[in-house]
Every structure is written in structure tokens, then in C-alpha cells.
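Along the sequence shown, the residues carry numbers beginning at 1.
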Amino acid sequence: MRPLQGRSPEPDDQGSGHAPRRGGLPAELNTFVGRHDDLAAVGALLEETRLVTVVGVAGVGKTRCAVRLASLLEKRYCHGVGVADLADLAGPDLLEHAVVDALGLTDHTRRPPRTILLEHLAGREVLLVLDGYEQHVDACADLVQELLRRAPRLRVLAAGRLPLRVDGERLHPLAPMGDEDALELFAARAGAVRPGFALTGAARETVRELCRRLDGIPLAVELAAGRMRALAPEQILQRLDDRFRLLTGGSRSAPPRHQTLRTAIGWSHELCAPEERLLWARLSVFAGQFDLEAAEYVCGSPDLPADTVLDVLDALLAQSVVLREDSPAGTRYRLLDTIREYGAQWLTATGDAERLRRRHRDWFLGLATWCELDWFSPRQEVVAARVECELPNLRRAMECSMESADEVHLAQYLAGTLWYFWVGCGRLAEGRYWLEHVLDEEAGHDPSRLKAQWVLGYVAVLQGDAIGAISALQECREGAEQSGDETAAAYAVHRTGCLALVTDDVVRAEESLRDALARYREVGELNSNVLMAQVELGMARVFQGDLEDAAAHCREVEEICEDHGERWVRAYALYVLAFVALRQDRPGACRRMVLEALDTGRRFHDPLGGVLCLELLALLTVVEGDATEAAVLQGAASAIWPSVGVPVFGSVHYGAPRAECAARARGKLGEDAYAAALRAGALLDFDTAVGRALAGGRPGAAGDGPAVEGPPVTGVPAPGETRRPAASRMTERGGPEL
């Protein structure tokens, strides 16, 4: 299973959290304390019914208990466990996308995500954990009710502050910790900030009283333990007395424990220095994780200079107000949800919330722009990991820009600028959502709108939606011609050629792609899109039988990619070169190149590139004599295609390897054996299928994949009409005029 957005602890978490991963169960970074009776009780309820909801006040440990129980029960669910963190969703429209992501599903079609979920879960034995759904409880209840009705083997474990109120739901109210568990939790967390600390003698009784005064709420206990860096237990207890009298919390009608939690958070806030409180409030504008550079830019000001943010942030880390998390994008930070809400209230009270939201938006506009430029460089994988981590903040930036008619163009620019993530990293469905969302509103800044339109057309082409693609691309081209935007016109022509290619209009595809490349040269554009146009031209030449010309185009692309450190387009160039090598009866070269391309697709989580390689690899495998393994690979590819779009785009030309492989394998194996191998392959998910292929046909995952032996296929380009494009003006511009 793969991660929607990075997973980390919410305010209900007992402990300082989990390591974020896309999909599956988050890894625990610290010890789980107590709750043995609760875990047993909830586990028993899951045996009796298909929906169990753990409810309780904020900070009581609902999330941590749910995830812990899921990890204990994981082996009982043969089709896996998924954890959907719903707390950071911008709106209920993204709820189903989040659950799709939590289950590790990749689907680039126009099918509604609910349909994808229903098809995937039908007949599968899965445990789905839903966490932090309170803001979208009605939409979540509606989704859960239909999933349970239509997927009879599904079980749902929810964790939230209120019930879902769905038929068949069983509730488990999670009470605060008992004395002994709270003592153990305090000792564990205090020992992390004050090595050697032990609950002995009078200190044990002082801490017991402290935990009782905090009602045994895990978050409150942990905040108190975080102060052990500077204070003794007796001092904490004395200060807690003062803060209880000062911060009685909430309204009179609020539950006492809710008031107690607010008192604990307010007490922690009062213990902070003025600059720490200010940074706490300003950090509340971030959604999910953030890094130091973002915090310095967004939160820095004359009263909190950027060069002091690190020291203040470190103080908040020491007090467990901010959490540190290590991710593929480096060291990052996060506020627990309850703490973030508390900070947001203070930020609103200062009257500075709107300014901070705009600074947040501006930072992530700049980040997306920089990442687009950096995508065409050796840092491509770093960019992919960075944007994956920043996705909650990028969503918030788009939503912020959509709130004002004068700033809609910024949302359109941002959605378009993220094309490399939507297309290159397996996010077509969400990209389609945002592109259509931002284009629903008119904006007077034509370049931003035109960019979003051609990116929407590109996404629609890859999803197999010819009508949607034609509509977006025609509108983009007409607007570009009216405004004199030659760059947007080039992209519209390019993607129109791409559409012709996948719909078997090869002659028109070649004409449009050559036209687009000429336009790119004219405006000085050079990036991954430009190189992809040349790869697509190479594919068009393959389909017309000119293998040498096709290879010349793709070898030139390969050389340029080597010069710039570009790997994503290079994988597609290798795919075409492997296709040519197979047709030229060079199976060794074909296998070397297709496996390298397949490994790159796996690293970028690009299922389109991956499934094309699997189709070609299946044909190569049957040519080499292993008809059974070829059929297994074909079955795996057939199971992946529905989540990408129309199988092999519905194209006769792209479907030729599949048809030839099927004929050869069926002829060697017979109908029954061939069908059995197809069924076996269809049981493999994308990662397993790719791992099997990279391991040389051996079942099981291949880790990072074997090293591909032999140098990449290179050569001197043959003379032709397509020349290396000129240097890019896009990189000199460095982004839009805002």
C-alpha cells in the first residue's frame, strides 16, 4: 500500500506519533503504553460487528489505540489494512479520494472514487481505519454505510469525537488512562527528554497526583512530561495549580474533560515565552507537515526575525508543542490538531490570520514553481518526494486563492504548475479534480488559465477521455491565439498530437508533434514536456514502421536527459527503444532497457509507464520461450489498466504487443493453462507485479530492484528534421507574473 498525504499523530494520539507512509499502517516511533483492556474490548467488538467507532474527548488517545489495534489484527485481514487520516482534508469532496489513497489504489480514470472503492472492496477482506472525520461526519457516514452494504467482507474501525450514527455501529467510549498507565506514560515520555529519570520515592507520588489532576488524559500527561526538561515534578504540579485557576476553559455546557484538556493546552501555552506563543499561533496556518525554511518565511517578521525561528521552534519541540518527523523529503515538523486549533484561535485574536494565510500561499506558489524547474534536473526524485509531503499545504494554498475573485488566477497557476506531480507521480485523478475546480471560475490572467487548460487536456488524454481532452485543448489553443501566447499554443498543439497518437491517427499525430516541436524551438522551450513530445514522435514513427528514425529521435532524447539528469522522460524513451530492439530481434537489449524503464516508473509511482513496460515485457518473455510467465505478466497488466484508464488507450497500435503476446502464449499453453496464468497475474498488485518482473520472474518483491547490467543504449542521432531544442526561456522567467 502507498501514502494520499503523509501520516502523523493527531491530538488524540497518545505518544509522539508515527512515521508517515502512504497507505498501510504507520510505523510507531515510540512505545505504546497501556490500554490493554481497551484493545481487547474493541477487538472483541470487531469480531461481532463490521463497524466499531472509538469515541472520546480530544487527546484521550483514540487514534493511537485504533492504529495499535489495527497493527495487532493486520494478519487476520488477507487483503490488508488501510489507515485514512481525514483531519487535514480541505473539504468533503476529497473524502473518497483520501480513502482510495489509504488503500493504496491508483486510478487515473474518470470513474468516481466511490465506484473505485466499491469495485476494489467487493469480495475482499479488508480493515479500514478512518481517523479524524469530525469535520466531514455526514459525508463520512454516507460513504461508510454504502461501503459496508456493498462490500460484505469489509470491516471499519473509526476513531473520532462523535459517532458516525450508521446502522450496525458499535461504540467504544475511550476513557482517560488509569493511574498506573498514566504513570507509565509520564515516565516514558519524561525519560525521553530527561535521560535517567525514574519514578522513585516521593517523585512517584507527586507524578501520580499530577496525572490525577490532568484526569489521565494522555495528551495532557505528555505535555506535562515535556516540561521535565526544565522543571522538577513538584514545580510542574505547583504551576499546574495556578494555570487551572487561570484557564478554566470552554463554555459551562462543555464536558468537564474537554475543559480539562483545554486547561492543559492553555497551561502549556502560558508556560511558553512570548516569542514561542507567537510562533505557535503562526505555525497553525500550515496543513500537515512543514519544514524549517517554510516556517522561517511564513512566520518571520520584525517581531519574530527569521533567523530566530529555529531557536524558538526548538523550544516548542522540547515542550512537545511541535513534533519532528523524518520523511523522504528530510526533517519536517507538525502541530497536533488540537494544538494547531488552539494556536489558530490565538492567531485570529491577533488580527494577523489573513496576512499569514497569504504568506503561506505565496510560499507554496514559489515552492511549486521552483519544483517545476527542478523537475528537469538530477533532483527529480527529490522533487517528487517533496511535493508528496507538501500536498496538504498545496491544497490549502489553492483553496486560499479560490476565496477571492482577484486571486483565482493564482489557484489556476498552481494547479497547472503541478502538472509534473499529477502526471509523473501517479496523481491523475486528483489532478483532474483540482484542474476542473480552479477552471470553474473565470480569471482575467490568461497565462495561468491557459496553462491549467492544457494540463487538464493532458490529464484527460492519459485518462482516455478524448472528449474532455479535445474540449480543454481547443479552448486553450483558441485563447492562446487570441492573446498571442505562443508557449501555451505550443503545448495545446503538442497534447493534441498526443491525443491523436493514442487514438491511432498516427499521421495527424506526427504532423502535430512536429509542429509542436518547431513551436517549442521558436519560443526556446526545453523541459520534460518538450522531450516527451519527441518521444511521442518516435512512437509515431514506430507505428509507421520506420524503426531507425524512431530510435534516432529517442536516442537524442536519452542524451539530453543524461545531460540534465532527467529520468522520468528517459524511461519513456527507453520504452520506445526497447520496443524497437524487440522488433529488430535484439531481445537482450530490449530486456535491459525495459527493465530500467520499469524500475524508474516504480520509483516515481508512475503506473502508466509501468504498465506499458509490463505489456512489452510480457511479449519479450514469450518470445524468449516462457509462455507461462508471459501470461502472468499480461494478467498483472490487465488488472492495473482499469486504474490508469482505457486499457492500452483503446489503441490498436499500443495494443499490438498485448495481442501478439496473447496469441503466442495461448498457442503454446492451450486455452486453460493460459487462462489460469492470467488469473494468477491478475491477483498481483502493481508493486508486486513490478517487483516480480525486476526479480526476473521470481515471485515476491524485489526491494529497490536489481541493478540493471550494461550501459544504456546510446548512439549518434541520424539526420532528421527534429533537432535538439534551444535553451529554455521558461527557466529564465522563473514563474508567472503575479
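For the pair V438 and A415, the tightest heavy-atom approach, listed with the atom from each and the gap, is CG2-CB, 3.9 Å. For L473 against A492, the heavy-atom pair with the smallest separation is O-CB, 3.9 Å. Counting all heavy atoms, side chain and backbone alike, L513 lies closest to C498 at CD2-N, 4.3 Å. For A452 against L435, the heavy-atom pair with the smallest separation is O-CD2, 3.7 Å. Taking all atoms of both residues into account, the shortest heavy-atom contact from A460 to A469 is CB-N, 3.6 Å. Closest of all the heavy-atom pairs between V298 and R359 is O-NE, 3.3 Å.
H494 is linked by a ring pair (Phe, Tyr, Trp, His ring centres under 6.0 Å) to Y520, counting only residues two or more places apart in sequence or in another chain. With sequence neighbours left out, the side-chain hydrogen bond (donor to acceptor under 3.5 Å, both in side chains) criterion links R519 to D515.
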**Request:** In sequence, state the C-alpha distance, the side-chain angles, and the governing distance for Y654 and L612, and then conclude on side-chain contact (heavy atoms from CB on, under 4.5 Å).
**Result:** CA-CA 9 Å; Y654 274 100; L612 286 172; 4.1 Å; yes
**Item:** Check against side-chain contact (heavy atoms from CB on, under 4.5 Å), H605 and E388
**Value:** CA-CA 11 Å; H605 307 292; E388 178 79 33; 5.6 Å; no
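Judged purely by distance below 3.5 Å, without hydrogens or angles, the side chains of Y420 and N527 never pair a donor atom with an acceptor atom. If you check the side chains of S528 and E566, you find a donor sitting under 3.5 Å from an acceptor.
Using a 4.0 Å cut-off between charged side-chain N and carboxylate O, D362 and R358 make no salt bridge. A salt bridge does not link E596 with R592: none of the charged nitrogens is closer than 4.0 Å to a carboxylate oxygen. Salt-bridge annotation for R432 and D465: present, with a side-chain N of the basic residue lying under 4.0 Å from a carboxylate O of the acidic one. At a threshold of 4.0 Å, the pair R449-D446 does not count as salt-bridged, since none of the basic side-chain nitrogens sits closer than that to a carboxylate oxygen. Ion pairing between E325 and R332 fails under the 4.0 Å rule for side-chain N and carboxylate O. Note on R495 versus E536: salt bridge recorded, some NZ/NE/NH1/NH2 to OD/OE distance being below 4.0 Å.
One distance of note links CG of L292 with CG of L310; it measures 5.5 Å at 0.5 Å rounding. Rounding to the nearest 0.5 Å gives a distance of 8.0 Å between CZ of R427 and CH2 of W422. For the atom pair CG of D374 and OG1 of T369, the computed distance is 12.0 Å after rounding to the nearest 0.5 Å. Distance CG/L537 to CG/D549: 7.0 Å, rounded to 0.5 Å. Remark: Y297 OH to E293 CD distance equals 14.0 Å, nearest 0.5 Å. Rounded to the nearest 0.5 angstrom, L394 CG and L367 CG are separated by 6.5 Å.
Each of Q380, E562, E381 was evaluated against R567; a single residue qualifies, E381, per the side chain to side chain donor-acceptor pair (under 3.5 Å) test. Here the options are E556, E558, E559, the test is salt bridge (Lys or Arg N to Asp or Glu O under 4.0 Å), and the partner is R570; only E558 passes.
Between W568 and W419, the ring planes lie tilted relative to each other; the angle falls in the 30° to 60° range. Using a 30° and 60° split on the angle between ring planes, F286 and F290 fall in the parallel class, below 30°.
Ring to ring, W641 and F649 are close: their centroids are under 6.0 angstrom apart. For H409 and Y413, the ring centers are positioned 6.0 Å apart or more. Here the two rings, on W434 and H437, have centers that are under 6.0 Å apart.
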